[in-house]
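Computed from a prediction, not measured in an experiment: that's the story for all the values here.
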Amino acid sequence: MFVRGLKRKCFDGEEDIEGTLAGIKAIPSYNLQRQSLLDMSLVKLQLCHMLVEPNLCRSVLIANTVRQIQEEMTQDGTWQMINTQSTGQASLDRLVSTDILCRSSRDQAEGKHVPVYGTFSKDFQSDQAQDSSETMSTASSVQAPRNLQSNVWEMENPQENKGNFQKSLDQIFETLENKNPNSVEDLFSEVDNSYYDLDTMLTGMMSNTKMGHCDSLETFSSPTNTASNSNCKSDLNDLDHIVEILVES
Amino acid sequence: ADIISTVEFNYSGDLLATGDKGGRVVIFQREQETKSRPLSRGEYNVYSTFQSHEPEFDYLKSLEIEEKINKIRWLPQQNAAHFLLSTNDKTIKLWKISERDKRAEGYNLKDEDGRLREPFRVTELRVPTLKPMDLMVEASPRRIFANAHTYHINSISVNSDYATYLSADDLRINLWHLEVTNRSFNIVDIKPANMEELTEVITAAEFHPRHCNVLVYSSSKGTIRLCDMRSSALCDQHSKFFEEPEDPSSRSFFSEIISSISDVKFSHSGRYMMTRDYLSVKVWDLNMENRPVETYQVHEYLRSKLCSLYENDCIFDKFECCWNGSDSTIMTGSYNNFFRTFERNSRRDTTLEASRESSKPRAILKPRKVCTTGKRKKDEISVDSLDFNKKILHTAWHPMENIIAVAATNNLYLFQEKVN
């Protein structure tokens, strides 16, 4: 039992109608095949995050496949890009970011990847609504990306923040050194407690396993940040994020 | 027994090393011909077993580091001991395997069982003598090359200068000196400044067998880059770029994945190199960059099954390939415990199976055939009944004789050419 390999064919509306009318499709329509391939790829990318450390080569290949499908869907006009107000112009690159796929090797700070999967699944919904021939069969596949979306975001953070932990910490130390004397007292009054927490978190982390990511993150409430100084607020936000992640297990 | 993850003959072919998923290395030695046991010629028996790598935990990333041995490479023998490099995802180790068949007896300061003697009991001085003992093979780690790779190491290659070697991970290649463990030089770095732009990774790398300044590395996009270390310290600019133009008629969503090169090997002569992608093996002339000189289809019948192979992840399997000693034949593995050999001159190809049922000791292997058309002949196997869990990823060919080692999951098979 196997699905036939996909080959490029010119978009033929007749074929789709034939397919749906037949009931039991001997040859699934091209769009359907493409859609299921896209869904399968997304699921695979999700599973990547659950593994010990994602196989980078595999992740990159799957991501490239997804990009390819997206590009083709854009050209076909079956891909509607919903304008993201918060982030302004949405580009193809943002839709599937390898950045997300390469969790363990990220360099940059967290915070810009959240909208990605949100946009993606929303696009799927509008796309399916317009294409009547596919609504029935692809309803289930729409569910998949949407459910996975929240999971992805929760899982992305721990992995990525762990990688960023050292760097963020360095950044914080660096900015602390450069603070002007006036704000030093305020700064230290806030920071000291956090550092203390950091120590206990670190010792706690050592003895914990890595598999409690999602659950703990959901229940953990971020410490309230009452820093008045706007300069150190971003630093402390970073610190909060790190502390948040460290406590997860 | 654990799943075998690498197989490698040493330079003389007398020793065969295997690494497995549990971090163990097992070395086999070829039996010498003796008059009393004429039939034992060519038999390989276990010579040494040791635990090369242990599982580790990266506390910063909160990730496990697998102990699976990804590659073993032998060093050329320079004295009585044997040396090999073995690597897991992050750490390379140099192991010394030495024999001990003599033991010193008659120490002055300690008893035969090793306990220190009372000083007042030592009434005379004697010279310890060497007495023969049962052969003992010891493996000891001589160097540990660690902390140089952020990503997973996929290749190691000893240079022809016998002093340096390279280790390659998904994005970087490092150059080491065998004597120096606290420093390595980065010679290739394809990591983009913005990881979001990552679309290509390094899949394999190897030094040229004769020119110690030349190395090649393959990528997940089906390209091979040849670098000359004399040109600059960082070889990000390649000297040669090998890529076959894509055939537009066979393009599909899986084109890139199946073009990803899983192994690259120089021929012994150094004139050619061989690459393995998912469906084929290609031989390249180093002097011609725009296309390979020979292409061999390993299992073309899988092309119509790519979607389901993508679904069950088999499409990401990394098959290796190898040359025979004279570079006249190449070999690679497939599914259902099949492996294929291709004779370059006659273009004759053979499919053989590595399984208990078809491999009675000393029996000649029967060639197998996969049925690609509707009508299945007797003894043929249809594509749908292939077992995709039985994959032969690792094979090795003796450097001089026609003896091959084939790893089928957790079994090692050794076949040799029948001598009349």
(message) Can you tell me how far apart CG (A:Asn64) and OG (B:Ser255) are? Round to the nearest 0.5 Å.
(response) 12.5 Å

(message) Does any part of the side chain of A:Asn55, heavy atoms only, come nearer than 4.5 Å to the side chain of B:Phe316, both counted from C-beta?
(response) no

(message) Measuring from atom OG of A:Ser41 to atom CD1 of B:Ile257, what distance do you get when rounded to the nearest 0.5 angstrom?
(response) 7.0 Å

(request) Kindly indicate whether the side chain of A:Leu56, heavy atoms from C-beta on, has any atom under 4.5 Å from the side chain of B:Leu171. (result) yes

(message) Minimum heavy-atom separation for B:Cys307 and A:Met40, please, with both atom names.
(response) SG-CE, 4.4 Å

(request) Could you pull out the closest heavy-atom pair between A:Leu61 and B:Ser220, with the gap in Å? (result) CD2-O, 3.8 Å

(request) Locate the shortest heavy-atom distance separating A:Thr65 from B:Phe253; write the atom from each residue and the value. (result) CG2-O, 3.8 Å

(request) Determine whether more than 12 heavy atoms belonging to other residues, nucleotides or ligands lie under 6.0 Å from atom CG of B:Asn147. (result) no

(request) May I ask you to name which of B:Glu256, B:Glu66, B:Lys318 has the most heavy-atom pairs under 4.5 Å with chain A? (result) B:Glu256

(message) For A:Lys44 versus B:Glu311, what's the shortest heavy-atom pair and its separation?
(response) NZ-O, 3.0 Å

(message) Please enumerate all residues that pass side chain to side chain donor-acceptor pair (under 3.5 Å) together with B:His149, with sequence neighbours excluded.
(response) B:Ser167, B:Asp169, B:Asn174

(request) Heavy-atom distances under 4.5 Å only: say whether B:Asp313 touches chain A with side chain, backbone, both or neither. (result) both

(request) Work out which heavy atom in A:Arg67 is nearest to a heavy atom in B:Thr199; give both atom names and the distance. (result) NH1-CG2, 3.6 Å

